[in-house]
Amino acid sequence: MFGQMKRDIQVIFERDPAAKSIWEVIFCYPGFHAVLFHRMAHWLYCHNLVLLPRMISQLSRFLTGIEIHPGAKIGQGLFIDHGTGVVIGETTEVGDNVTLYQGVTLGGTGKEKGKRHPTIGNNVVIGAGARVLGSFKVGDNVKIGAGSVVNKPVPSDTTVVGVPGRIVLHHGVPIKDPDLRHDDLPDPVNEMLKCLMQRVEYLEERLKEEESRYNVFEIIQHHDTSKRGISATRERESCDVRMRSDDV
């Protein structure tokens, strides 16, 4: 237990530049408190106790704002930053070196029994307000953007953003440590709008070219018509002159 506590404190210093001392972490980090409460509750839950672990879970929720069901399996190095509103369901499995930000939900989607919550791999970063819902696996080295809703399996070494979650990057290169730059993610909607704007600009340029060609053609046609009109007038005048001469 003390070895796990030491590791839990160490990961906070590794991933949170605001941490200044061990005593600050011990007394002022609700994510650390929630993980500590959960490890005690999970040990009791695994020994076929139900009520006491749930009471510890509810006490932890009251003190930290983080709800972790005693049945959830959590690996080494879990870091819950800020943590308010984090919910982890009963059959959730969390790997090693996972980082969760405030408002994350690892939940289910129905009332079925058995496995109904997600399995999170190693070195995963889940941004603030993200929802991972359902019984599927999120691979290793995955980044899930803030506010995303993930309801399908996610392969390893990928980045997921949006509602519903879409894979926007697939590096295929495994990493050893969690990539905490979850703020630097591509925006597929913005990229699509940029493509549409470029297409509109291209079509406008083509339309201007066609209009200029049409205007030139119109000028030429008008010029030809004017020339034909002058020629016809001259012909009529010459005919009138010949008719007057014949009469004379």
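Counting heavy atoms from C-beta outward, Leu133 and Arg131 have side chains that approach closer than 4.5 Å. By the 4.5 Å heavy-atom criterion applied to side chains, Thr92 and Val94 are counted as neighbours.
Relative orientation of the His42 and Tyr45 rings is parallel, given thresholds of 30° and 60° on the angle between their planes.
Just one of Lys73, Lys115, His117, Arg116 meets the side chain to side chain donor-acceptor pair (under 3.5 Å) condition when paired with Thr91; it is His117. Screening Asp8, Ile9, Asp16 against Tyr29 for a side chain to side chain contact (heavy atoms under 4.5 Å, CB included) leaves a single residue, Asp16.
Heavy-atom minimum distance, Gly147 versus Val163: O-CG2, 3.5 Å. For the pair Ser156 and Gly139, the tightest heavy-atom approach, listed with the atom from each and the gap, is OG-CA, 3.5 Å. Taking all atoms of both residues into account, the shortest heavy-atom contact from Pro118 to Val132 is CG-O, 3.6 Å. Here the closest non-hydrogen pair linking Arg7 and Asn97 is NH2-OD1, 2.7 Å. Closest approach of Val160 and Ser148 over heavy atoms only: O-OG, 3.8 Å. In this structure, Gln76 and Gln4 approach most closely via the heavy-atom pair NE2-NE2, 3.2 Å.
To the nearest 0.5 angstrom, Met55 atom CE is 11.5 Å from Leu44 atom CG. For the atom pair CG of Leu100 and CD1 of Ile126, the computed distance is 5.0 Å after rounding to the nearest 0.5 Å. Residue Arg61 holds its CZ atom at 4.5 Å from CD of Glu67, rounded to the nearest 0.5 Å. Taking CE from Met5 and CZ from Phe32, the interatomic distance works out to 4.5 Å, rounded to the nearest 0.5 Å. Rounding to the nearest 0.5 Å places CD1 of Ile68 at 6.0 Å from NE2 of His38. Taking OG from Ser57 and CZ from Phe62, the interatomic distance works out to 14.0 Å, rounded to the nearest 0.5 Å.
Environment of NZ in Lys137: crowded, with over 12 heavy atoms of neighbouring residues, nucleotides or ligands closer than 6.0 Å. Heavy atoms of other residues, nucleotides or ligands lying less than 6.0 angstrom from CD1 of Ile22 number 12 at most.
At distances below 3.5 Å, not a single donor-acceptor pair connects side-chain atoms of Asp81 with backbone N or O atoms of Tyr101. The backbone N or O of Gly107 lies less than 3.5 Å from no partner atom in the side chain of Thr105, so there is not a single donor-acceptor pair. When atom types are taken as modelled, the side chain of Glu24 and the backbone of Lys20 share a donor-acceptor pair closer than 3.5 angstrom. In this structure a side-chain-to-backbone donor-acceptor pair under 3.5 Å is missing from Arg15 to Phe13.
With respect to Glu201 and Arg206, no salt bridge is recorded, no charged nitrogen being found less than 4.0 Å from a carboxylate O.
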Legend entry - Residues Asp140, Asn123; criterion side-chain hydrogen bond (donor to acceptor under 3.5 Å, both in side chains); working and verdict: CA-CA 6 Å; Asp140 299 336; Asn123 303 321; over 6 Å; no

Legend entry - Verdict with supporting geometry, Asn141 and Asp157, side-chain hydrogen bond (donor to acceptor under 3.5 Å, both in side chains): CA-CA 5 Å; Asn141 312 317; Asp157 309 305; 2.9 Å; yes

